[in-house]
Amino acid sequence: MVGIKPTDLAPTATVKFFGAGMAGCIADLVTFPLDTAKVRLQIQGESVAQGAHVVKYRGVFGTIATMVRTEGARSLYNGLVAGLQRQMSFASVRIGLYDSMKQFYSRGSENASIVARLMAGCTTGAMAVAFAQPTDVVKVRFQAEVRLADGVRRYNGTMDAYRTIARDEGVRGLWKGCMPNITRNALVNCTELVTYDLIKELILKYDVMTDNLPCHFTAAIGAGFCTTIVASPVDVVKTRFMNSAAGQYNSAMKCAITMMTKEGPKAFYKGFVPSFLRLGSWNIVMFVSYEQIKRAMMRAHQSWESPF
């Protein structure tokens, strides 16, 4: 990212890679209940459209309160292990390699064009899905699962979920929803990283703020809002398709068409508020953590190389 202080060493690609994974995990730990509420709201319309249930969840905080009351507070963190596994493999690639890919597309130029930034975001977003899709499938399955009173659960644990899905649905089941997820993450990465990059660059260019926490906070919240608007429709389709029973939908496109015909266009923005709360807060925690982790790792590296 732009705006390295003169007194700071520029972070290496390795520092960015591991720093992004660590920052992603920190952000997930803070915002995971919001993500779980988003998933429940996104799949709820599907059940109502099929006549299976009355509306159970109303709003993000109502959903959280309902889950705590009926399933216990721990239900808000269903799928957390898979979520952390996802961030270590996913955020590391899509965020940590963004600057390197931006340099590649701009042929080493310090002033990358919008096209180079967008191509870098699309590339690292698609690469990340290829690595992390199984962890995303398992995370969504756990988040969507309603814990019953008799204690019956769909999977006994994270590793059991990987094994069960591979056994019952084939290895392809672990990559279920891969194409809508690639589409979503190309959109998310382009919007999130490019928006953050540009907002931060403009803030520093016009001396509105220094390259510190307020600057990172402002750029992150702007990136979160823009990303939610762009990515929400694909995110809803992705969530429903990954959580669907075998054979329920032939493809992600079929899932989208079913949503449109049975629930209308508003269905594509179900869970928008928790999506924004989650993405906005996730972006703030992640980018602020990422900037600080990069600096801390480089200072530690500098101290290790020059202890005196």
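Bear in mind the structure is a predicted one, so any value in this text is a computation, not a measurement.
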Using only atom types and a distance under 3.5 Å, with no angle test, would you say the side chain of S244 pairs donor to acceptor with the backbone of Y249? no
Do side-chain atoms of N243 reach the backbone of T239 as a donor and acceptor pair under 3.5 angstrom? no
Is it true that F90 and F131 have ring centroids separated by less than 6.0 Å? no
Test item: S281 and V30 side chains (from C-beta on) under 4.5 Å apart, heavy atoms: no
Verdict with supporting geometry, L277 and F61, side-chain contact (heavy atoms from CB on, under 4.5 Å): CA-CA 11 Å; L277 289 174; F61 297 111; 4.1 Å; yes
Nearest 0.5 angstrom please: R172 CZ to I165 CD1, how far? 15.0 Å
Could you check whether any side-chain N or O of T135 sits under 3.5 Å from a backbone N or O of A132, counting only pairs where one atom can act as donor and the other as acceptor? yes
Please check if any side-chain donor atom of T227 sits under 3.5 Å from a side-chain acceptor atom of E192, or the reverse. no
Whether the N189 and T124 side chains hold a donor-acceptor pair (N or O, under 3.5 Å, no angle test) is what I'd like checked. yes
Distance-only donor-acceptor check, side chains T218 and K200, under 3.5 Å: no
Main-chain N/O of T258 paired to T261 side chain as donor or acceptor, under 3.5 Å: yes
Look at the side chain of T31 and the backbone N and O of L34, then say whether any donor-acceptor pair between them is shorter than 3.5 Å. no
About how many Å separate CG of N212 and CD of Q292, when rounded to the nearest 0.5 Å? 6.5 Å
May I ask you to check whether over 12 heavy atoms, not counting those of M159, lie within 6.0 Å of atom CE? no
Look at the side chain of T12 and the backbone N and O of V15, then say whether any donor-acceptor pair between them is shorter than 3.5 Å. yes
Between R278 (side chain only) and A37 (backbone N and O only), is there a donor and an acceptor less than 3.5 Å apart? no
Assess, by modelled atom type and distance only, whether the side chains of E201 and Y196 contain a donor and an acceptor separated by less than 3.5 Å. no
What I want to find out is whether R40 reaches E145 closely enough, with some N-O distance under 4.0 Å, to be called a salt bridge. no
Is I284 reachable from V208 through a run of hydrophobic residues whose side-chain heavy atoms are each under 4.5 Å from the next? no
R117 vs Y98, side-chain contact (heavy atoms from CB on, under 4.5 Å): CA-CA, chis, key distance, verdict: CA-CA 8 Å; R117 296 174 202 243; Y98 170 73; 3.5 Å; yes
Does any non-hydrogen side-chain atom of L29 lie less than 4.5 Å from one of L80? yes
Check whether more than 12 heavy atoms from other residues, nucleotides or ligands sit under 6.0 Å from atom CE of M127, and answer yes or no. yes
When rounded to the nearest 0.5 Å, the distance separating SG of C226 from CD1 of I199 is 6.0 Å
For residues R86 and V138, determine if any side-chain heavy atom of one lies less than 4.5 Å from a side-chain heavy atom of the other. no
Counting only heavy atoms from other residues, nucleotides and ligands, does the tally under 6.0 Å from OH of Y155 exceed 12? yes
Any side-chain heavy atom of D35 sitting closer than 4.5 Å to one from K139? yes
Above 12 or not: heavy atoms from other molecules or residues under 6.0 Å from CZ of F225? no
Are I26 and I293 side-chain neighbours, meaning at least one heavy-atom pair lies under 4.5 Å? yes
Measure from NZ or CZ of K16 to the centre of the six-membered ring of F18, then state whether that distance is under 6.0 Å and the direction lies within 45° of the axis. no
In the structure I gave you, are the side-chain heavy atoms of R240 and K270 within less than 4.5 Å of one another anywhere? yes
Is M88 linked to V129 within one hydrophobic cluster, defined over Ile, Leu, Val, Met, Phe, Trp and Tyr using a side-chain heavy-atom separation of less than 4.5 Å? no
Between N185 and N181, is there a donor-acceptor pair closer than 3.5 Å when you use the side chain of the first and the backbone of the second? yes
Assess the residue pair D28 and W282 against the criterion (side-chain contact (heavy atoms from CB on, under 4.5 Å)); give the C-alpha distance rounded to whole Å, side-chain angles, the decisive distance to 0.1 Å, and a yes or no. CA-CA 7 Å; D28 252 26; W282 193 91; 3.1 Å; yes
Less than 4.5 Å apart, any side-chain heavy atom of V137 and any of W175? no
Does CG belonging to D168 count more than 12 external heavy atoms closer than 6.0 Å? yes
Least distance between heavy atoms, V39 atom then Q143 atom: CG2-OE1, 3.4 Å
Treating S75 as the side-chain partner and G72 as the backbone partner, does any N or O pair qualify as donor plus acceptor under 3.5 Å? yes
Please check if M260 and V237 belong to a single hydrophobic cluster, counting links between Ile, Leu, Val, Met, Phe, Trp and Tyr side chain heavy atoms closer than 4.5 Å. yes
N/O donor-acceptor pair under 3.5 Å between Y57 side chain and M67 backbone: no
Assigning hydrophobic clusters by single linkage (Ile, Leu, Val, Met, Phe, Trp, Tyr; side-chain heavy-atom cutoff under 4.5 Å), is I257 placed with F241? no
In sequence, state the C-alpha distance, the side-chain angles, and the governing distance for T228 and F272, and then conclude on side-chain contact (heavy atoms from CB on, under 4.5 Å). CA-CA 7 Å; T228 307; F272 180 83; 3.4 Å; yes
With no hydrogens and no angle check, do the side chains of T123 and Y105 hold a donor and an acceptor under 3.5 Å apart? yes
Does some side-chain heavy atom of N156 sit less than 4.5 Å from a side-chain heavy atom of T164? no
Under 4.0 Å between a side-chain nitrogen and a carboxylate oxygen: does that hold for K294 and E291? yes
